[in-house]
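All remarks here apply to the structure that follows.
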Amino acid sequence: MRSTVLATVALSGFVLTLADGKGKGKGKGNDRIRTIYKDVAIIGGGASGSYSAVRLMEDYNVSVVVIEKNFNLGGHVNTFIDPVTGRGFDCGVQNWIEIGGARAFFERFGVEMQPNVRSTAETVSIDFTTGEKLTNYSPPSAADRTAALQRYLEVAESFLPVLEPGWWTFPLPQDIPADLLLPFRDFVAKYNLTAAVPMFHATTGFGIHDMMGHLTVWFMRSFNVNLVRVLSGIETSIVPVSRKNQDLYDRILTSLGADALTSTTVISTEERSSRKGVTLIVRNSATGVKTRIVAKRLLYTAIPSEANTSPLDLDREERSTLGEFNYSASYVGIVSHPSLPLNKSLVNIPASAQPANWPEAIPDYPYNTRFENYADSSYFRLIAVGDQTFTAAQAKKVIEDSFDKLVEGGVVNQTSPAQRLTFHMFEPHGLVSAYVTKEKLEGGFIQRLNGLQGRRGTWYTGASWGVHLSTSLWIFTDTVLERLVGDLRG
């Protein structure tokens, strides 16, 4: 029996219900699958995907649908709301560098912003492998740290034309600056940056599981020029007045309405080409309901891991290029325990960093970076870091083991009877800090990666393609959207 057509197909943005089976109209009633027609399908509703959806719809008059596996948008934001007070605690994204149109983008959604105020918690240096408080450790002086940051800034600024935004102008293999291919520990030694190493790590470097061993080019994707300018007081960072970074993405979700398919993943690809466009089958993880999405173009914004891209029917070139990426993995959380000291930030620093061996001030992975108390609360922020094989269960164990060592070392006094940590939030921050080896870069990896842009009707943005900071990613994403829309209309 032929299915009944419930609507007439429009140019874009229309929903049609057809029987399953390529929309040809055969099948029983419970086989029926709705079909959505859009200009652009967006995979991933994090910083890049949500931003792209808004800009395409509101600024380019392009219809979109966002496919997001989580129940909400926002990706790495990770905001915990105290169920009693309603106060927000951000354990993922901490603030936003005010560059480009960042503030104006928040204003679109009525999210009032204010300058970020850095934590005033007292730092206590502890080796989390033993629980030993580092009484002989001397952190860099403010003057030495500032001077080292300035040296880093001067060198990093010289590479801006080839590193930002995105990889568009990255040199051919034979022309890559030698400094970018240095292991970061050698770059630190060359430019006398040792006094900045603890700040590098404490700010964003912890997102790279082997910070000092990574190539400098990858470190500069995590610790970019704008971040140094913020730390140097040249630029500013901002946060919502509500202190809830999730507010922006909740309002974007409301604005998108039915054009955001949350709790949804791609399960198969029926078509993906520049000539015929893209046809995806997606499924809602909560209801099991499938939807066919027919779009003229695909914008991929998620981490291009094998697990994420396997339903996209990658060809040999796509598979071999994207498969060369390696990653770090991190998990963020908020805990409490009666014995953890308030107004303190317990920071994991190896004993070998004493008395002032700052390049050694980074733990071996996997590790928990800190127990950092949020002001005027009993909550503590933590971040566990490992390589791409690091699992949630392993991360939780690393965190709990580090707390046990604090008890053994006498830094905290366990309650009687003994209590475990209470986890109020524990979330995967995902695979982060995508990188390839020096040999791959010298073999033309970036040129092959750029060659995927627009290929088979698919465009890419996200942290694997740009600086790993939200507002820097928005600037890179603008360059992708210009090209995508030109392709769509050209």
Subject >> Chi angles and distances behind the salt bridge (Lys or Arg N to Asp or Glu O under 4.0 Å) call for Glu408, Lys405 >> reply: CA-CA 5 Å; Glu408 290 179 20; Lys405 290 298 181 181; 3.5 Å; yes
Subject >> Shortest non-hydrogen contact between Val77 and Gln246, atoms and distance >> reply: CG1-N, 3.5 Å
Original post:
Which pairs count as salt bridge (charged side-chain N to carboxylate O under 4.0 Å, His left out) when at least one residue sits in residues 476-490, sequence neighbours excluded?
Top reply: Arg55-Asp478, Arg297-Asp487
Subject >> Atom pair CG (Leu73) and CG (Leu253), whose distance is rounded to the nearest 0.5 Å >> reply: 4.5 Å
Original post:
Nearest heavy-atom pair of Tyr331 and Ala392: which atoms, and what distance?
Top reply: OH-N, 3.1 Å
Subject >> Donor-acceptor pair between Ser378 and Ser336 side chains, under 3.5 angstrom >> reply: no
Original post:
Tyr152 pairs by side-chain contact (heavy atoms from CB on, under 4.5 Å) with which of Val228, Val225, Asn192?
Top reply: Val228
Original post:
Is the side chain of Glu154 donor-acceptor paired with the backbone N or O of Arg151 at a distance under 3.5 Å, no angle test?
Top reply: no
**OP:** Give the intermediate values and the outcome of side-chain hydrogen bond (donor to acceptor under 3.5 Å, both in side chains) for residues Thr461 and Thr477.
**Re:** CA-CA 6 Å; Thr461 184; Thr477 298; 2.8 Å; yes
Original post:
Partners of Lys133 by salt bridge (charged side-chain N to carboxylate O under 4.0 Å, His left out), sequence neighbours excluded?
Top reply: none
Original post:
What is the minimum heavy-atom distance between Ala434 and Tyr327, and which atoms define it?
Top reply: CB-CE2, 3.5 Å
Original post:
Counting distance only, does the side-chain N/O of Arg251 pair as donor-acceptor with the main-chain N or O of Phe109 below 3.5 Å?
Top reply: yes
**OP:** Would you please indicate if the ring centroids of His201 and Tyr367 are separated by under 6.0 Å?
**Re:** yes
Original post:
Checking Trp358 side chain against Ser138 main chain: does a donor-acceptor pair fall under 3.5 Å?
Top reply: yes
Original post:
Is Thr79 reaching over with its side chain to a backbone N or O of Gly88, donor-acceptor style, under 3.5 angstrom?
Top reply: no
Original post:
Near Glu442 CD, under 6.0 Å, is it more than 12 heavy atoms from other residues, nucleotides or ligands?
Top reply: yes
Original post:
In terms of heavy-atom contacts, does CD of Gln174 have more than 12 from other residues, nucleotides or ligands at under 6.0 Å?
Top reply: yes
Subject >> Asn245 side chain vs Val93 backbone, donor-acceptor pair below 3.5 Å >> reply: yes
Original post:
Do the ring planes of Phe187 and Tyr191 sit parallel (below 30°), tilted (30 to 60°) or perpendicular (above 60°)?
Top reply: tilted
Original post:
Is Leu163 close to Leu180 at the side-chain level, that is, under 4.5 Å between some pair of heavy atoms?
Top reply: yes
Subject >> Donor-acceptor contact below 3.5 Å, side chain Gln453 vs main chain Tyr460 >> reply: yes
Subject >> Asn226 side, atom CG; Ile99 side, atom CD1 - distance, nearest 0.5 Å >> reply: 4.0 Å
**OP:** To the nearest 0.5 angstrom, please state how far the OG atom of Ser48 sits from the CD1 atom of Ile42.
**Re:** 10.5 Å
Original post:
Do other residues, nucleotides or ligands put more than 12 heavy atoms under 6.0 Å from Phe71 CZ?
Top reply: no
**OP:** Identify whether the distance between the nearest side-chain nitrogen and carboxylate oxygen of Arg455 and Glu317 falls below 4.0 Å.
**Re:** no
**OP:** Apply the test side-chain contact (heavy atoms from CB on, under 4.5 Å) to residues Gln94 and Asn116: give CA-CA distance (whole Å), side-chain angles for both, the deciding distance (0.1 Å), then the verdict.
**Re:** CA-CA 9 Å; Gln94 294 295 289; Asn116 181 48; over 6 Å; no
Subject >> Audit row: Thr458, Leu299, side-chain contact (heavy atoms from CB on, under 4.5 Å) steps and yes/no >> reply: CA-CA 6 Å; Thr458 304; Leu299 179 61; over 6 Å; no
Original post:
Just how far is it from atom CD of Glu157 to atom CZ of Arg229, taken to the nearest 0.5 Å?
Top reply: 4.5 Å
**OP:** Using the six-membered ring wherever Trp is involved, compare the ring planes of Phe80 and His424 and label them parallel, tilted or perpendicular (cut-offs 30° and 60°).
**Re:** tilted
Subject >> Shortest non-hydrogen contact from Gly457 toward Ser274 >> reply: N-OG, 3.1 Å
Original post:
Does any N or O in the side chain of Trp218 come within less than 3.5 Å of the main-chain N or O of Val436, such that one atom is a donor and the other an acceptor?
Top reply: yes
**OP:** Answer yes or no: is there a donor N or O on one side and an acceptor on the other, between the side chain of Asp127 and the main chain of Glu132, under 3.5 Å?
**Re:** no
Subject >> Closest non-hydrogen atom pair between Leu231 and Phe223, with its separation >> reply: CD1-CZ, 3.5 Å
**OP:** Verify whether the ring centers belonging to Phe325 and Phe445 lie closer than 6.0 Å.
**Re:** yes
Original post:
How many angstroms lie between OG1 in Thr236 and CD1 in Ile97, if you round to the nearest 0.5 Å?
Top reply: 9.5 Å
Original post:
Looking just at side-chain N and O atoms, do Ser328 and His209 make a donor-acceptor pair shorter than 3.5 Å?
Top reply: yes
**OP:** List the steps, then state whether side-chain contact (heavy atoms from CB on, under 4.5 Å) holds for Met113 with Glu98.
**Re:** CA-CA 10 Å; Met113 304 297 285; Glu98 190 173 4; over 6 Å; no
**OP:** Hey, could you give me the OG/CD distance between Ser50 and Glu68, rounded to the nearest 0.5 Å?
**Re:** 7.5 Å
Subject >> Ring centroid separation Phe184 to Phe200 under 6.0 Å >> reply: yes
Subject >> Side-chain heavy-atom pair Leu346, Pro341 within 4.5 angstrom cut-off >> reply: yes
Original post:
Crowded around Asp175 CG? As in, over 12 foreign heavy atoms under 6.0 Å?
Top reply: yes
**OP:** Look at the aromatic rings of Phe403 and His337 and report parallel, tilted or perpendicular, splitting at 30° and 60°.
**Re:** tilted
**OP:** Considering non-hydrogen atoms only, spot the tightest contact between Ala329 and Asp387 and give its length.
**Re:** CB-O, 3.3 Å
Subject >> Residues which pass side chain to side chain donor-acceptor pair (under 3.5 Å) with Ser305, listed by chain and number, not counting sequence neighbours >> reply: Asn308
Original post:
Side chains of Asn348 and Thr369: do they bring a donor and an acceptor to under 3.5 Å?
Top reply: no
Original post:
Would Trp474 and Trp96 count as a side-chain contact (heavy atoms from CB on, under 4.5 Å) if you check the C-alpha gap in whole Å, the side-chain angles of each, and the deciding distance to 0.1 Å?
Top reply: CA-CA 11 Å; Trp474 293 350; Trp96 316 75; 3.9 Å; yes
Original post:
Does any donor atom in the side chain of Asp39 or Tyr60 lie under 3.5 Å from an acceptor atom in the other side chain?
Top reply: no
Original post:
Are Met57 and Leu256 side-chain neighbours, meaning at least one heavy-atom pair lies under 4.5 Å?
Top reply: yes
Original post:
So, Thr146 side chain and Ala143 main chain: donor-acceptor pair closer than 3.5 Å or not?
Top reply: no
